[in-house]
Amino acid sequence: MLKDILSVVQSTWLVFLHLFRKNPTIQYPEEKAYLAPRYRGRIVLTRDPDGQERCVACNLCAVACPVDCIALEGTEDETGRRYPDRFQINFSRCIFCGLCEEACPTYAIQLTPDTELAEYNRQNLVYEKEDLLIAGEGKYHGYNFYKVAGLAIGGKDKGQAQNERAPVDVKSLDL
Amino acid sequence: MAKVTLDSTEYDLPTGANLLQAALGEGIDIPYFCWHPALGSVGACRQCAVRQYRDENDERGMLVMSCMVPCTDGTRFDVHNDEDIVKFRETVTEWLMTNHPHDCPVCDEGGHCHLQDMTVMTGHNYRSYRFTKRTYKNQYLGPHINHEMNRCITCYRCVRFYDDYAGGKDLQAMASHNHVYFGRHEEGTLDSEFSGNLIEVCPTGVFTDKTFKSHFIRKWDLQSAPSICQGCSMGCNIIASERYGKLRLINNRYHHDLNGYFICDRGRFGYEYVNAEARVKIPRLKDDGDFKDLTEDELSTFLSGHIQPGSKLLGIGSPRASLESNFALRTLVGSDNFSNGLTQRDSDLMSRILAIRAEHPANNASIRDIEASDAVLVLGEDLTNTAPRMALALRQSTRNEPMESVTAMRIPEWSDKAARLATFGKSGPLFAATPRGTKLDDVTTAKVHGDPVDIARLGYAIAHALDAEAPAVGGLSEEESAFVTAAAAALKGAKQPAIISGTSLNEGKLLDAAANVALALTQQDKPAQLAYVAPEGNAMGTAMVGGMSLERAIEAARTGDYDAVVIVENDLYQNLLASLADSLFEGEITVIAIDHSMGATMDKADLILPAGAFSESDGTLVNFEGRAQRFFQVYPAEAAIQEAWRWVRDLMEFADQSQANEWQTLDDVLFAMEKDVTSLQGVAEAAPLAAFRAVGGKIPRMSRRASGRTAMQAHIEVSEDKPAEDPDTPLSFSMEGSATTPPPALLNRYYAPGWSSVSSLNRFQDEVGGPLRGGDPGVGLIQSPGDASVSFYNHVPEATRLTDGQVLFLPLHHVFGSEPWSASCPGIQARSPGPYLAVHPDDAGKWGLEEGDLAKIALDGRDLTLPVQFTPSLKAGTAGLPVGFAGLEGASLPTAAAAPTRGIES
C-alpha cells in the first residue's frame, strides 16, 4: 500500500521536474528540425565534377527499389555517353529506404535531408528528370564514373581513363 | 554410363562425354568460359579446373580441366570439396579480370553476362592488380554488331563460332600474348549471315546487339514471350522481348530439332519494322483519296453499310499470316471464295510438296536430321539465302564423314581443337546444283550451275544412277555426268543421305527430282532425309488451309458479283505485277485490308484495319517440315490494334455469322479449325491451351525482378492500372504468377539461380545439348507414310531451249532483302546489296556490257534499268535478278526474255 502511494508521489515529482526541462516541441514550419546530411529524404540526381549528369541509366536503382517506384530509360549521345532520357520517381510510392542510393554505381542518385514533399494532388508526386536533377555533386564529391570506365566518350578516348595504358597497336611487335 | 564420383557423390554420367558437360547436366555448377555445348572443348580458359584422383588411395590428386576429361567408370573428382581447387578457379577469374574495364553499368551485357555469373560463382571480389589496364580501339562492324574490345577475356569463342562453325572468313584473332585482338582486318560490316550469334556466344560484352543498344533495357526488365521467327520457312524458335510498348530484342530460343543454339541475322535483327512509323494503329477510311481515322461508331456504321447477312465476300489470306487468321477469313467468306494468298506458282509448288509428302516414304527431315547426315545433295536452293539456318546445319553435316577418322584416332568428338586439326581441309560429301555459286562453296564437294530445268534433270539423272528403274536423262554434258556419278556414289555410300530442294527457283520438277533421289535411296534401305524449303513463314500452313491462288482471286473479283474483298496481311504488290494487282482496285468492289503496316495494298484499300504484328498477336505457323508451332503475344497492343483473326471475327458480326459470338479466344478458333480442316488435326496441341496453369497460376511474361511497376505509367496516371488480361494464352502480362519452369512451348526466359546469362539454358535440358526438358515444342502435321508404295516420277523435263538473242532470267534470293518486312529495317537494308542484274562475263561481252553499267531489260511488260554485276558462276545464257527487291516485285521468274541492252553508263 505504502509502496503504491510512493510510486504516485514519485511520478508526480518527475512530471513536476519536466517544467524545468528544455521544450522538445518546435514551432514547425517557422522553426525546422535538424536533419543530418545522411538523412533519407527527397531523392535527387547529381552531377559529376565536370557538371555532366552522373546517371548512366544502368537501371540498378530501379531494380533495387522494393516498391518499384523508379522507372527510367537510357539513351546515348552521339559520342557514346549513356544518360537517362527519362527518369521518373513516383514519390507517392517511395518509402525512402535508400536502397537506390546503395545500388547506384556512380553516386548519381542520392537521398537528401528534405522531407517536405506534401502535395494536395497525388499526381504532383511524380517527379521527372528535370525535377530530380540538381546542379551539384551532392554528398559524394569528386567521383566521375566515365573517367574510371573503359568506354570511350566525347573528350575521353580509349586509354585516357584512370589507370589505363594507351590502346594496343595490334600490328606492333612490342609485347 | 560411367560411375563417376564428384565431391564424394556417385553419378551415372554418359561414358566418354566430357566431365564439364556431364556435370552441368547434373546441375553441378562448374564455372567455364571457352567451352560451349555446340562448339566443344578446347581447354583454353583454365576456368573449369577440378581435382582428379588416380584411385581410392590417392590423396593428392592432380589438377585437370573438366572440359577435357572424358567420363570414365570409377573415376573420382573434387569440384567444390577441395579448397585449393576452389581457390585456383577464383584466381583464374582474377587473372581474366585484370584488364577488364569498369564498364558494367554502361555495358549492354550487364545483367545477363556469363563473366559476371562466373565471377560471382568463383567468389572473386576484389582485384589485387594495381597496375594500368590494357586498352584496345574498337572497330565498326556494321549496323548490327557493336564492338567493345576492352571487355575481352580472350576465350576465343567468337572466332571458333564465326570461322570454325559458321564458315566466316572476316573475323580473326590477331596479334599474340597480351595483345590478342578479335576483329576484322579492317573496319567494315561482318560478312556472315550468322554474325548475330556472336552476341550470345561471347561470354562478355565485346559483341553486343546494336539495334538493342539503340533502345536498351536490362534483361530483368524485358517482358518476353516465346515466338517463332517469321523470316523464312524454317520456323526457328525465338524469344521476343518488349518494354514500354516497343519490341526491343530477339534472342534465340533453343529447339533441339530446329535452330539449336543459333539463328540467322534476318531473324535476329529483322524485327524493327514492328516499331516503325509505317505501322497502322487506328482503323482508317479512304475519303477523297486520303485516309481519315475512324472512331468505333464510324467504323461500325461503315461496316454495317457494306457487310450484311448474305453479302458476297471474297477473302485473300496470306502465307505470312497465322493459320488462325487465314482460317478465320476462310470461315467468313466461305471456302469457295477464299484465296490463301499464294501466287499460282507458289500454290502449285506447295500442292506438289504436300502431294509428295503424303505418299513419299523418305523421312521428313528436320534441321537436326540434316546436320546429322553424312552426304547431302542440294537441288536448286541457295540455302544461305533461302533457309539460312539450314545452310548452317549443312555446313556441320560436312564434318560428319571426316569425323569418323577422328573417332578412329580415339579423339573424342567434343575435343574441338584436336578434331578440327585431324580433319583440317577435309569435308564430307556435299553436292550442290544451284543457279550460281553459294556461300557453301567452300565445303561443297562438287557443284554444277545451271537453270532450274538443268538442275531438275540432274536430280532425275542421279536417281537413275542410283536405281535403273528411275527414268533416265539423256544429253548431259561431261561435267554434269561426272557430277551425277560422283553424287550418286556418295549418296549410296552414306549412312544417312539427305536431299534438299525447295520452291525458290519456282520449278516443280525440282521437287519431283529430289523425291526420286530420296526414293531410290529409301528403296536401298537408306534412311534418306528429304527436305523441301517453302517460300514463306507459313506457306506450308496456308497451303494446308487450301483455297484458290492470288491470280484466281483477282480474276474472281473482276468477274464475280462480290460486294467486298477482305485482304489479310497480304501485300499483293509484293507478289504480283502492279498491273494485275491494280485491276482489283479498279472495279466497284469495296476493299478492306487488314495489316500491321502501310504498304502498296493498304494504300489503295478503301478501309484499313490495324492488325497486330507477330509480337502483338498469338498464332500458329507451320514450317517447312509441317511442324505447327505457336507464337505468343509479347505485349498488349496499343490503340485499336488487334489480331487479324479478331478483326475478321468482328466482320462476321455484320455478316451475322454465329462464330462472331462463339469465337472469344484463340482456343475457340483452334478447335473450330481442327474440326473444319482435316489436314490440320492436332494443331491445337502445338502449345498448351489458355486454360493451362503451372503451379502458382499463369506464366508471367515479366521476370520476378521486373522494375518500375509503380512508376512506368505514373506520368500519365499516378494510380496503377490493372495489368492487361490475356484470355488467349496461359501467359500473363505481369511479373506475378507461377515461379516454376514452364513447359518448353511457353519458355520465355533463360534464368537459373547463379546463371543470369543464356548459358542457363543448360538448366532446361535433361542432358546438355539435348532436347528441352519436357520435349521440344511443336506438333508435326505431316507423317511420312513409311512403306514405299510410290513409284518414280517419270516426267523428265526437256532442257530449256532459248531462241537467239534471248536470255533466261533466274530468281536470285538474298537473306537481306528478299523478305520484304525484314528488308524494311534500316540495318538489314544497309546489308542488302540493292537491285542488280547478274550476268555471266562472257554474255556481257556479247551484249557490250561492262561491270557497273546500267543495263536495260524488258520483263513482263516492264522496262527495268539495273546495274550489271558480273557473276562468273552463272551458266552462260542465264542472268539473275534479286527476288523481292524494289522495282522487281512480282516478277515471274524464271522467264526467257530479250537479252539486256546497254543503258546509261554508271
Side-chain angles (χ1 to χ4, degrees), chain A residues 55-65 67-76 80-82 86 88-94 104-106 121-128 145-146 148-153 157-175, chain B residues 99-108 110-111 129-139 146 148-151 174-183 185 205 213-221 243-244 246 703 705-720 735:
Chain A
C55 177
V56 299
C58 74
N59 275 285
L60 286 179
C61 52
V63 73
C65 180
V67 290
D68 288 341
C69 75
I70 305 177
L72 68 150
E73 201 176 345
T75 185
E76 269 170 25
R81 184 187 173 109
R82 191 168 278 185
R86 196 162 75 85
Q88 227 162 262
I89 299 183
N90 179 357
F91 277 108
S92 76
R93 290 285 189 191
C94 180
C104 183
T106 67
N121 182 351
R122 198 179 149 204
Q123 188 65 47
N124 294 341
L125 283 168
V126 179
Y127 280 41
E128 300 289 339
F145 170 78
Y146 279 113
V148 185
L151 201 72
I153 55 157
D157 207 351
K158 292 283 172 202
Q160 292 175 356
Q162 289 165 21
N163 273 330
E164 277 188 354
R165 292 198 290 280
V168 166
D169 177 3
V170 178
K171 291 170 185 156
S172 105
L173 291 174
D174 171 25
L175 299 174
Chain B
N99 287 308
H100 199 71
H102 190 71
D103 266 2
C104 295
V106 287
C107 175
D108 288 357
Y129 178 77
R130 303 195 181 284
F131 307 98
T132 51
K133 288 182 191 175
R134 174 201 58 204
T135 60
Y136 292 107
K137 291 252 184 232
N138 300 329
Q139 283 183 327
N146 189 64
E148 188 60 44
M149 193 49 211
N150 278 358
R151 298 171 187 158
M174 288 171 234
S176 64
H177 184 226
N178 211 15
H179 284 189
V180 177
Y181 187 88
F182 298 92
H185 64 291
K213 191 175 193 282
S214 67
H215 44 228
F216 179 69
I217 294 291
R218 293 265 172 233
K219 178 181 179 178
W220 58 71
D221 279 343
R243 174 90 166 168
Y244 301 124
K246 203 168 155 186
S703 82
R705 277 271 170 272
S707 75
R709 185 178 53 85
T710 68
M712 31 196 311
Q713 296 301 324
H715 57 297
I716 303 161
E717 174 58 58
V718 70
S719 41
E720 297 92 41
M735 57 204 276

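Note that these values count all heavy atoms, side chains included, but never hydrogens, waters or copies made by symmetry. Per chain, numbering begins at 1; letters A, B, ... match sequence-line order.
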Quiz item: How far apart are the C-alpha atoms of B/Asp108 and A/Arg82, what are their side-chain angles, what is the distance that settles it, and do they pass the side chain to side chain contact (heavy atoms under 4.5 Å, CB included) test?
Solution: CA-CA 11 Å; B/Asp108 288 357; A/Arg82 191 168 278 185; 2.9 Å; yes
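Counting only heavy atoms from C-beta outward, the side chains of A/Arg165 and B/Asn99 approach each other to under 4.5 Å. You'll find the side chain of B/Arg151 reaches within 4.5 Å of the side chain of A/Leu151, heavy atoms only. Side-chain atoms of A/Glu76 and B/Phe216, non-hydrogen and from C-beta on, never get closer than 4.5 Å to each other. Contact annotation: the side chain of B/Val106 approaches that of A/Tyr146 to within less than 4.5 Å [non-hydrogen atoms, C-beta and beyond].
Heavy atoms closer than 4.5 Å to chain A are found in the side chain of B/Tyr181, but not in its backbone. A/Arg86 touches chain B through its side chain: at least one heavy atom from C-beta onward sits under 4.5 Å away, while N, CA, C and O do not. Contact annotation for A/Ala166: only backbone heavy atoms (N, CA, C, O) come within less than 4.5 Å of a heavy atom of chain B. For a residue to count as touching a neighbouring chain, one of its non-hydrogen atoms must lie under 4.5 Å from one of that chain's; by this rule B/Ser719 touches chain A with backbone and side chain alike. Neither the backbone nor the side chain of A/Tyr127 comes within less than 4.5 Å of any heavy atom in chain B. Heavy atoms of A/Gln162 lying under 4.5 Å from chain B are absent altogether. With a 4.5 angstrom heavy-atom cutoff, A/Arg122 touches chain B via backbone and side-chain atoms both.
Of the possible donor and acceptor atoms, one in the side chain of A/Gln123 sits under 3.5 Å from a partner among the backbone N and O of B/Val718. The backbone N or O of A/Cys58 lies less than 3.5 Å from a partner atom in the side chain of B/Arg218, making a donor-acceptor pair.
Residue with the most contacts toward chain A among B/Pro101, B/Ala706, B/Ser707: B/Ser707 (heavy-atom pairs, distance under 4.5 Å). Here B/Lys133 is the residue among B/Met712, B/Arg130, B/Lys133 with the most heavy-atom pairs under 4.5 Å with chain A. When B/Cys107, B/Gly708, B/Cys104 are compared by the number of non-hydrogen pairs under 4.5 Å with chain A, B/Gly708 comes out ahead. No other option in B/Lys213, B/Met174, B/Arg243 has as many heavy-atom pairs under 4.5 Å with chain A as B/Lys213.
Atom CD of residue A/Glu128 and atom NE2 of residue B/His715 lie 7.0 Å apart, to the nearest 0.5 angstrom. Considering CG of B/Asp103 and CZ of A/Phe145, their distance stands at 6.0 Å, rounded to 0.5 Å.
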Please output the side-chain donor-acceptor pairs of residues 67-75 of chain A that fall under 3.5 Å, not counting sequence neighbours, one pair per line with the distance.
unit_1, atom_1, unit_2, atom_2, d
A/Glu73, OE2, B/Arg248, NH1, 3.0
A/Glu73, OE2, B/Arg248, NH2, 2.9

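By the 4.0 Å N-to-carboxylate-O rule, A/Glu164 lies too far from B/Arg134 to be salt-bridged with it. We find that B/Glu148 and A/Lys158 are joined by a salt bridge, their nearest charged nitrogen and carboxylate oxygen being less than 4.0 Å apart. We find that A/Asp157 and B/Lys137 are joined by a salt bridge, their nearest charged nitrogen and carboxylate oxygen being less than 4.0 Å apart.
Residues B/Ala711 and A/Gln88 share a closest heavy-atom pair of O-NE2, 2.6 Å.
Not a single ring pair (Phe, Tyr, Trp, His ring centres under 6.0 Å) links B/Tyr244 to another residue, sequence neighbours left out.
Partner B/Pro105 forms a side chain to side chain contact (heavy atoms under 4.5 Å, CB included) with one of A/Val56, A/Asn59, A/Leu60 and no other, that one being A/Val56.
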